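Computed from a predicted model, the values in this text were never measured in an experiment.
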Amino acid sequence: MSKWKYTGTDVTAEKAEESLKTIKSACFGCETHSPDCSIAKAAGDVAAMIDEGNVSVKDQIHAQITGALAGAKFPIATPEDLIAAFPDGADTTCCVGDLKMTAGEAGTLLKPSDFPFKSAKDVADVIVTRAGL
C-alpha cells in the first residue's frame with residue numbers, strides 16, 4: 001500500500017492505478033503543453049506514488065517521468081519543447097528516497113540525435129538508461 005503524500009492517506013495499488021487512468025482520461029489533448037497544467041501534475045504525482053515500496057528505483061523514476069508527461073503532445077522535436085512539456089518545466093522533480101533529478105538535469109543526458117521523441121515512454125527509457133538506473 002502506498003501513501004498519498006498530500007494527506008497521508010493509505011492507497012491500494014488498484015485504487016492508485018484506477019485514479020491514474022481517470023486523471024489521464026481528463027487530459028484535453030492540447031496542442032501545446034503548459035508547465036502549469038494541473039492534470040499532468042496530478043498524473044505525475046499519482047504515478048510516482050504507485051506501489052513505491054515494491055518497485056525498483058529505475059521503475060519509479062520511469063513512472064514519474066511518464067506520469068509527468070501524461071498530457072504532453074507527441075512527437076516532441078526539440079529539447080526546449082520537451083522541457084516545456086513537463087508540469088514545472090526544468091524544475092519538475094522526480095524523486096525516490098534520497099535520489100532527486102530535475103527535468104533540467106535529466107535534459108543534460110539527452111543528445112540531439114534522440115529527437116524527436118514519439119512518446120513519454122521513449123523519453124523515460126532514454127533518461128533512466130543514461131542515468132544508469
T129 side chain to V126 main-chain N or O, any donor-acceptor pair under 3.5 Å? no
Note: F86 and A68 closest approach over all heavy atoms is CD2-CB, 3.8 Å
What distance separates E105 CD from D91 CG, expressed to the nearest 0.5 Å? 10.0 Å
Roughly how far, to the nearest 0.5 Å, is CD of Q64 from CG of D45? 9.0 Å
Let me confirm one number: the CZ-CG distance from F117 to L110, rounded to the nearest 0.5 Å. 4.5 Å
For A120 against F74, the heavy-atom pair lying closest together: N-CZ, 3.3 Å
So I39 and F28, side chain to side chain contact (heavy atoms under 4.5 Å, CB included) or not? Walk me through it. CA-CA 9 Å; I39 295 171; F28 297 116; 3.7 Å; yes
Could you please spell out the steps behind the side chain to side chain contact (heavy atoms under 4.5 Å, CB included) verdict for K111 and R130? CA-CA 10 Å; K111 301 174 183 175; R130 297 244 174 89; 4.0 Å; yes
So, K21 and E18, do they make that salt bridge, N to O below 4.0 Å? no
Indicate the atoms forming the closest heavy-atom contact of A72 with A85, along with that distance. CB-CB, 3.8 Å
What one should report as the nearest heavy-atom pair of L99 and V57 is CD2-CG1, 3.6 Å
Can you tell me how far the CG atom of D114 sits from the CG atom of L82, to the nearest 0.5 Å? 10.0 Å
Take S119 and D122 through the side chain to side chain contact (heavy atoms under 4.5 Å, CB included) test and state the conclusion after the steps. CA-CA 5 Å; S119 69; D122 291 345; 3.3 Å; yes
Contact summary for G89 and A103, nearest pair of heavy atoms: O-CB, 3.5 Å
Any idea which heavy atoms bring K121 and H62 closest together, and the distance? O-NE2, 3.8 Å
Calculate, to the nearest 0.5 Å, the distance between atoms SG and CD belonging to C94 and Q60 respectively. 11.0 Å
Output the distance between atom CD1 (I83) and atom CG (D88), rounded to the nearest 0.5 Å. 11.5 Å
